[in-house]
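Counting convention: from 1, in listed order, for ligands and their atoms alike. Model, not experiment: these values are computed from the prediction.
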Amino acid sequence: MRRFLFILCCTALLSAQTLRQAGAQRALLIGAAADATDANPDPLVKEPLYASTLETQYSMLEPENAMKWASIHPAQTRYNFQPGDELVAFAQAHQMQTRGHNLCWWSYNPAWVTNLAATATPATMASVFQDHINTVVTHYKGQVFAWDVVNEALSDSQPAGGIALKDSIWYNQPGIGATGTGYVEQAFRWAHAADPNALLFYNEYSVEAPGAKFNAMLAMVKDFVARGVPINGVGLQMHIGITGSPSSAGLAQNIQQLTALGLQVHITEMDVKLPVDSSGVASAADLQSQAQTYQRILTVCLQNPGCTAFQTWGFTDKHSWIPGSYPGFGAALPFDASYQAKPAVASMIGAMQTVPPVLNAAALVNAASYKGGAVAPGELVTLFQANYGPGSLVGAQLDSNGLVSSNLAGTQMFFDGIAAPSIYALAGQVSAVVPYGVSSKQQTVVQYEYNGVLSNTATLPVVPSAPAIFALDASGSGPGIVLNQDLSLNTSSNPAAGGSVIAVLATGGGTVQGGATDGALAPGAGNQTLPVTATIGNVTETAVYAGPAPGEVNGVMQVNLTVPTGLTGAQPLILIVGGVSSQSGITVAIK
Ligand code: 9MR
């Protein structure tokens, strides 16, 4: 009986989700460093539990060694792509992302290149460096979504206000002929040239807590961002223990200073080493502390949406660098040496299921123009960065009253407590219609919810109108969603004739005369309360009709306009509702 109760208790408490599934609901990549044929024996092939744990629990992998210089470029004229290719193929077969590591490091360079450095000129080193970056990034173009371009360039001790770099063959022994952080910059520029779509990261250790080394790194990347060096993010390695690990507040402060520059942050190499006995076993108490440490660091990442990936340096204690480098320590990863989940796994899943989603007021924008700052009644809005929601896209649904449902797969957006009709939902991006009830207000309190977990609130001003025309490619500009008089879509190859009537689809027109029900599909009649005019080219037009778009959810506005004669080609199209203009950059095609 007691045993039965125990099972009941713990089955109910344990999450049915994997790390990967929980991460998908947070728009967060959950990664692990992985080995293939570069390790002997190849765990990916030789150990079924290695492969199955990796693909069920993780949405991202990073070759722990296979893409490093010494592995991938063992001789000057020979590249060995096989182990890296094996990992990329595994990732692709399991819909995982591959994170590349690394293109430049002071350590783990092959003998041929360190030997060369002893006598070569900087010009020769630069040419070898460029060839390597270009060859490796080109080989994995479109397959590696993010690269650690430069790893660990900074010295451990830093001069006040300055940036000290570690000695390396790429910097000063003899280096590639660039001064200061110039070699780091050059690596980013060459990587970007080889794959302009890859995200490029600077990766570093001992920069998780505030301090001189973090300040030096911040100064370096701030300078890069200011001068347009192609850098997209910073990797915080996070090799820590259960004591002396960075405080939550300090880590949050560092992440915020990086994301304020427009950079992403990835936690790239987390492990939490524990003292172990001669069999590699840690105490139960330490395993609990370790679980709390994983949970605490992951929580800070979830609280800061610019933290977009959370990766551990391996995933099973069977394959970890810790015992070899720290004698007497080990058991650092979320799964034990038999691939059983340690307490850390449940604590990480628990964080992902319970940490409130973040509502960033600046990330609530018009669904057609992506302009933010204020909302209008009936406006279709999109909330980005709401980092808790369905792992895959869910489209609008009608409720039993025939209204567009305000609870879509567990997501809800509230304006002064009124649930907004939901257009679509996906972790990190949800869209809804601002309830008409805000029209009498100066401002509205917005809140987001997923599976019963509420976000913080944000207060936004309410304006009578915030017009915006939907773009055909949903980019906010370019050809608008416009129907020609025969109801065919207006495009450059199907332009409208002068004198014909077109229908423009937009939102943010404000209230409708006689009122409109939140979430109802429009019957095809009614007029906007505010006056609607337009310009096509430089010609001002009055609206033939301006009101709800028939069959669409209330909030989508249709404006019928007569096409002026004498204009041809893609002409600028602007709607003016209550004196407020829609975004610039939308066009209509005229013949
Ligand atoms: O875990 C890696 C180990 O297997 C390698 O022998 C070693 C040298 O290539 O690199 C280890 O990974 C390091 C990573 O590449 C950079 N940050 C520190 C990691 C642990 O040393």
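- Below 4.0 Å from some heavy atom of His239 lie the following atoms of ligand 1, by number and element: 18 (C), 19 (C).
- Considering backbone and side-chain N/O atoms, Asn102 never comes within less than 3.5 Å of an N/O atom of ligand 1.
- Within the 4.5 Å cutoff, the side chain of Arg20 has heavy atoms near those of the Gln95 side chain.
- Looking only at side-chain heavy atoms (C-beta outward), Glu152 and Ser107 stay at 4.5 Å or farther from each other.
- Under 4.0 angstrom from ligand 1, the non-hydrogen atoms of Asn65 all belong to its side chain.
- Under the 6.0 Å distance and 45° angle rule, Lys213 counts as a cation-pi partner of Tyr205.
- A salt bridge is absent between Asp38 and Lys68; no separation between the charged side-chain nitrogens and carboxylate oxygens falls under 4.0 Å.
- Within the listing of ligand 1, atoms 16 (C), 17 (N), 18 (C) sit less than 4.0 angstrom from a heavy atom of Glu152.
- For ligand 1, one of its N or O atoms has an N or O atom of His101 under 3.5 Å away.
- The protein atom (non-hydrogen) at minimum distance from atom 12 (O) of ligand 1 is Trp313 NE1, 3.1 Å.
- Taken to the nearest 0.5 Å, the CD atom of Gln264 stands 5.5 Å off from the CG atom of Leu199.
- What sits closest to atom 1 (O) of ligand 1 on the protein, heavy atoms only, is Glu64 OE2, 2.5 Å.
- Scanning the protein heavy atoms around atom 18 (C) of ligand 1, the nearest turns out to be Glu269 OE1, 3.2 Å.
- Close contacts between ligand 1 and Trp321 involve ligand atoms 1 (O), 20 (C), 21 (O) [criterion: under 4.0 Å to a heavy atom].
- Between the side chains of Asn151 and Gln237, at least one donor N or O sits under 3.5 Å from an acceptor N or O.
- Of all the atoms in ligand 1, the ones that sit under 4.0 Å from a non-hydrogen atom of Asn151 are 16 (C).
- Scanning the protein heavy atoms around atom 11 (C) of ligand 1, the nearest turns out to be Lys68 NZ, 3.5 Å.
- In this structure, His101 and Trp105 have tilted ring planes: the angle between them lies in the 30° to 60° band.
- Between Leu258 and Leu236, the closest side-chain pair of non-hydrogen atoms falls below 4.5 Å.
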